[in-house]
Amino acid sequence: MEKVDMNVNETRASLNFLEQIIENDIRNGVNNGQVLTRFPPEPNGYLHIGHAKSICLNFGLAIKYGGKTNLRFDDTNPTKESTEYVNAIMEDVKWLGFQWQEPVLYASDYFEQLYQYAIYLIKKEKAYVCQMSAEEISKGRGTPQTPGVESPWRNRAVEESLEELEKMRNADYREGERVLRAKIDMASPNMWMRDPVMYRIMHAHHHRTGDAWCIYPMYDWAHGQSDYIEGITHSICTLEFVPHRQLYDWFIDNLDLTGIRPRQYEFARLNLTYTVMSKRKLLQLVEEGFVNGWDDPRMPTVSGLRRRGYTPASIREFAERVGVAKRENLIDVSLLEFCIREDLNKTAPRAMVVIDPVKLIIDNYPEGQTEELPAVINPEDPDSEKRMVPFSRELYIERDDFMEEPPKKFFRLAPGAEVRLKYAYIIRCDSVVKDKNGTITEIHCTYFPDTKSGMETTRKVKGTLHWVSAQHAVEAEVRLYDRLFRVPEPDNVEEGQDFKDFVNPDSLKVVTGYGEPFIKSALPAQGFQFERIGYFSLDKDSTNGKLIFNRTVTLKDSWAKVGNQC
RNA sequence: UGACCGAUGGUGUAACGGCAGCACUACAGAUUUUGGUUCUGUCUGUCUAGGUUCGAAUCCUGGUCGGUCAACCA
C-alpha cells in the first residue's frame, strides 16, 4: 500500500495536468478506467505544427494509458471543407506515426442522430425555431456587460417548432430565414449560453453527404454529441473553447444521456516565433501566391515540414519538450530547430556538397590522376559504412572558405595558410587568379603527400574544408530556405499592419552547387547532413534530372555564421 | 469596466505546504579530420501588497498585468 503511494508520488512529479486528470480518473474508476480521446480537425485546410502538438497529446495520452484515439472530421460547415483536405490530414496523421481507431469518423455520420436529439430538446421545451435575422439575433444577445433580450419566438408551441424544423430540413426556407436555437438563458454572463444557434440553413453541397441535408449543426451542437456517440472520455481542445464548456455540458445534461459522459478539458495552443499559425492566414499565403502551396517547405504545415526534412520523431520530440499547460505561450523556433538537428545528427548520412563553388587547383598533384578516398557515411553511427570519394587535381571548395585578407580568428584557407581537405591531404595556398572584376576564379595550392588522411604527420592545421572533385562532381540545384517571416510575431503586428507585409522576400533562393557522386546513389534517403553546411533533405520535386535539396538556413550551421562574420 | 482562464530566468516547463529543478537560447572553456558533434561551466526567475503557517512559488484576500467570450465559423 505504502509502496504504491510512493510510486504515484514519484511519477506524479513529471506529469502534466492532463495526465494528472486521467490518472485521477483511472484511480477513481471513472469510465471503468477507459481512455478514449479524439483528434477532431475540420477539413478546411492542412494540418500545421500546432495541430501536431494536439495530435501528439491526444494520441500520446491514449497510448500512455492503454486507450485509443479516434480521428473524427468535424465537417459541419460544407462551404469550407473538401475531400482534398480530408486526405491530406489523414496522410499527415499517419506520417507523424499515429494510428487511429478504425474506422475514420465524421461528424456528418451523426447528422440524423443529431436531428433526433434536436427533436428531443424541442419536445422538452429546451429548443425552438427562431425566425429573426442573423443581425437581430446578434443584437438581441446583448453584450458581456448587459443581458440580452428574449426572442419573440422563444415560447412558441412545441408543435410549431417541430413543424418549422421539419420545414427547415425539407428546404422550405432560404438561408437565414430560420434557425434552431437552444432555450437557455439570455441573461447569462456567458455569451454562449444566450440561446445559441444549433442549426442553420445552408443550401450547400457537402463533400460527403452531398445534397442530403440543407441544415447543418453548429460546432457546439455537434461536438459534444459526437463525443458522446463515440464514447469519448476525455475531449481535449484549446483554451478558446473554455467558455463553450458550459454549453457542452448543458447539451449533454439536457439530452438525458446515460452512456459514458465525455468531459472537455482545455490546454494552451502552440505559438511559435517567426511563424503564422492561423489556418485562415496560411490559406491567404497559399491563395495569394506568397508560397507554392500548403506543403511549401517554408510553411509551418506538417506537409511543409516534411518536405523541409523534418522527421516525424523530431516533431514528436518537439511536442514533448514544449509541454502542456494552460497559459499563453510563445515558443522560440530554435527549440523546433534543435529537435530536428538532434535527430538528424544521429541518423543522417553525410556528404560533401559545395554550394558557392570556387576552383582550387593543386599544382603539384599529377594531372589526370584520381584517388578514391574512404569517407564515413555517418560518424555518429559506430556501424556506419564507408563511401569512396574521388579526389583529383582540380576541386571545388566553398567560396567562403577562402579569404584573401583573413581576420585573426579565421582558421580556413588564406594566402600562405595551410588547411586539411577532409579525408584527404593538407594543402597550402600559394596564389590566386582573379578576373577583371577582381573576383577570384582559381586558388592555387601545394599538397603534402605525406599528410594523407590516416597518416602520421607533424603538420598541425586548425581548419578542415569540405570539397568535391571538379571532374567527378554532380551538379545539384539547391534550394535555400530562410524563415518566411522577418518578425518574431507576425501574428501580432501593430494595428493597421498586415502580417503579409512581413513576409521575407529572400525566404527562397535557388542556386546551383556541386555534390559528391555519393548523393546520387543515396537518393531517395531522407535527411542529409552536408559537411559544415548544415542539414538538407531531398525534396519530392526533381526537375530536369537535377537533384534538389532543401536547405534549412535557420538551422544552426557555421556556413551562415561565416557569412555573417565577413 | 460582466464572466471565465492565466501569471516561475530571454523562452518553455517542473516543484502540489519543506533545498526553486530541467530543457532551449546566449556566453565561456575543453575535445574535434570542418567553427558541426560531444563534454564542462556561467548568466538570468517565483507579478504585487497583505494574511494563514514553524515554514508559502504552492493556501486565503485585495491589487496589477496578459488572454478569452457578444459568427447562422470551428
Side-chain angles (χ1 to χ4, degrees), chain A residues 9 12-16 20 40-42 44 74-77 79-81 130 132-135 137-148 175-181 188-194 196-202 215-216 218-220 222-223 237-246 266 268 273 279-280 321-332 334-339 341-342 345-346 350 352 375-376 379-380 398 401 409-412 419-424 426 453-454 461-466 529 531-535 556-559 561-562 565:
Chain A
N9 286 335
R12 199 158 239 253
S14 60
L15 296 183
N16 65 47
Q20 289 181 29
E42 183 189 14
N44 67 344
D74 228 333
D75 53 351
T76 56
N77 185 352
T79 60
K80 290 185 176 176
E81 299 155 5
C130 179
M132 292 199 293
S133 70
E135 200 184 334
I137 289 178
S138 174
K139 222 175 198 172
R141 219 168 335 243
T143 72
Q145 287 84 7
T146 58
E175 293 187 11
E177 288 185 335
R178 298 286 188 282
V179 290
L180 182 70
R181 292 227 256 168
S188 170
N190 182 347
M191 297 298 290
W192 289 101
M193 298 300 277
R194 323 248 262 225
V197 171
M198 295 165 63
Y199 274 112
R200 78 284 212 189
I201 296 168
M202 293 177 104
I215 57 171
Y216 290 93
M218 299 288 291
Y219 165 85
D220 291 290
H223 205 92
C237 61
T238 47
L239 244 28
E240 62 267 31
F241 290 98
V242 169
H244 295 248
R245 188 175 58 228
Q246 198 181 350
E266 310 87 11
T273 56
K279 260 200 228 174
R280 206 190 85 248
R321 284 175 183 261
V322 154
V324 189
K326 299 189 75 159
R327 78 185 82 133
E328 299 294 327
N329 60 73
L330 181 61
I331 312 283
D332 203 309
S334 62
L335 181 61
L336 179 60
E337 291 163 355
F338 167 81
C339 291
R341 266 186 280 123
E342 184 189 43
N345 180 49
K346 291 196 191 90
R350 309 314 206 248
M352 294 193 283
V376 191
E380 299 293 320
E398 212 68 64
D401 282 347
K409 290 225 163 176
F410 187 76
F411 299 142
R412 282 162 284 146
V419 295
R420 174 171 289 282
L421 294 172
K422 179 100 174 163
Y423 302 124
I426 291 176
S453 190
V461 291
K462 276 195 161 170
T464 303
L465 305 186
H466 61 274
Q529 186 186 18
E531 298 291 353
R532 228 208 50 241
I533 293 179
Y535 295 96
K556 177 187 279 182
D557 64 77
S558 50
W559 184 78
K561 272 189 188 165
V562 171
Q565 278 172 11

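Letters A, B, ... mirror the listed sequences (proteins, then strands); counts begin at 1. For the numbers below, each heavy atom of this structure counts, side chains included, while hydrogens, waters and symmetry mates do not.
- Residue-level contact check: Gly176(A) touches the bases, meaning some heavy atom is under 4.0 Å from a base atom.
- Between His244(A) and Tyr219(A), the ring-plane angle classifies as perpendicular under the 30° and 60° cut-offs.
- Nucleotides A20(B) and U46(B), compared at atom P, are 12 Å apart to the nearest Å.
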Quick one, Arg321(A) with Cys339(A), criterion side-chain contact (heavy atoms from CB on, under 4.5 Å). Give me CA distance, side-chain angles, the key distance, then yes/no. CA-CA 9 Å; Arg321(A) 284 175 183 261; Cys339(A) 291; 3.8 Å; yes
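- Inter-residue side-chain proximity for Arg181(A) and Met198(A) is flagged as unmet; no heavy-atom pair is nearer than 4.5 Å.
- Under the 4.5 Å side-chain criterion, counting only non-hydrogen atoms from C-beta, Glu398(A) is not in contact with Met352(A).
- Residue-to-nucleotide proximity on RNA chain B shows that, of Asp332(A) and Leu335(A), the 5′-proximal contact is made by Asp332(A).
- Contact of the Ile215(A) side chain with the Arg200(A) side chain is not registered, since no non-hydrogen atoms from C-beta on lie closer than 4.5 Å.
- For Asn345(A), whose side chain is taken as the heavy atoms from C-beta onward, the closest listed nucleotide among A70(B), C4(B), U37(B) is U37(B).
- In this structure, Thr146(A) reaches neither bases nor backbone, as no heavy-atom distance under 4.0 Å exists between it and the strands shown.
- Of the candidate nucleotides C5(B), C16(B), A74(B), C5(B) has the atom lying nearest to any side-chain atom of Lys326(A).
- With both ends at atom P, the span from G29(B) to G35(B) equals 15 Å, rounded to whole Å.
- Side-chain contact between Glu380(A) and Asn345(A) is present, with heavy atoms from C-beta onward closer than 4.5 Å.
- Comparing C43(B) with U11(B), their C1' atoms sit 15 Å apart, to the nearest whole Å.
- Contact annotation for Val179(A): base contact, defined as any heavy-atom pair under 4.0 Å involving a base atom.
- As judged by a 4.0 angstrom heavy-atom cut-off over every strand, His223(A) is placed among residues making no nucleic acid contact.
- Taking atom P on both U48(B) and A56(B), the two are 15 Å apart, rounded to the nearest angstrom.
- Nucleotides G41(B) and G21(B), compared at atom P, are 14 Å apart to the nearest Å.
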Please determine whether side-chain hydrogen bond (donor to acceptor under 3.5 Å, both in side chains) holds for the pair Glu240(A) and Thr238(A), giving the CA-CA distance in whole Å, both sets of side-chain angles, and the decisive distance to 0.1 Å. CA-CA 6 Å; Glu240(A) 62 267 31; Thr238(A) 47; 3.1 Å; yes
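- Contacts of Val324(A) with the nucleic acid, taken as non-hydrogen atoms under 4.0 Å apart, involve only primed sugar atoms and P, OP1 or OP2.
- Within the 4.0 angstrom heavy-atom criterion, base atoms lie near Tyr423(A).
- G9(B) and A14(B) have their P atoms separated by 13 Å, with the value rounded to a whole Å.
- Here the separation of G67(B) from U8(B), taken at their P atoms, is 14 Å to the nearest Å.
- Within 4.0 Å of Arg141(A), counting heavy atoms only, lie sugar-phosphate atoms of the nucleic acid but no base atom.
- Set against U37(B), U1(B), A70(B), the side chain of Trp192(A) has A70(B) as its closest nucleotide.
- Contacts of Leu421(A) with the nucleic acid, taken as non-hydrogen atoms under 4.0 Å apart, are absent.
- Backbone-only engagement by Ala325(A) is indicated by non-hydrogen atom pairs under 4.0 Å involving sugar-phosphate atoms exclusively.
- Atom CG of Asn190(A) is separated from atom P of U68(B) by 16 Å (rounded to the nearest Å).
- Atom NZ of Lys462(A) is separated from atom C1' of G36(B) by 17 Å (rounded to the nearest Å).
- Within the nucleic acid shown, Ser138(A) comes within 4.0 Å of sugar-phosphate atoms alone, with no base atom in reach, counting heavy atoms only.
- Summary of the strand contacts: Asp74(A) and Leu465(A) both lie near RNA chain B, and taking for each the nucleotide with the nearest heavy atom, the more 5' one is attributed to Leu465(A).
- When the P atom is compared between U58(B) and U25(B), the two are found 31 Å apart, to the nearest whole Å.
- At a cut-off of 3.5 angstrom, the base of G67(B) holds no donor-acceptor pair with the side chain of Glu328(A).
- Contacts of Tyr199(A) with the nucleic acid, taken as non-hydrogen atoms under 4.0 Å apart, are absent.
- As judged by a 4.0 angstrom heavy-atom cut-off over every strand, Leu239(A) is placed among residues making no nucleic acid contact.
- For U25(B), its base never sits under 3.5 Å from the side chain of Ser334(A) at any donor and acceptor pair.
- Counting any heavy atom pair closer than 4.0 Å across all strands shown, Met132(A) reaches a base atom.
- Note on Arg321(A): only backbone sugar-phosphate atoms sit closer than 4.0 angstrom, heavy atoms only; bases stay farther off.
- Counting atom types as modelled, Arg412(A) pairs a side-chain N or O with a base atom of G35(B) as donor and acceptor under 3.5 Å.
- The listed nucleotides are U25(B), G6(B), A70(B); the one nearest the side chain of Arg327(A) is G6(B).
- If you take CZ of Arg200(A) and C1' of A71(B), they are 9 Å apart, rounded to a whole angstrom.
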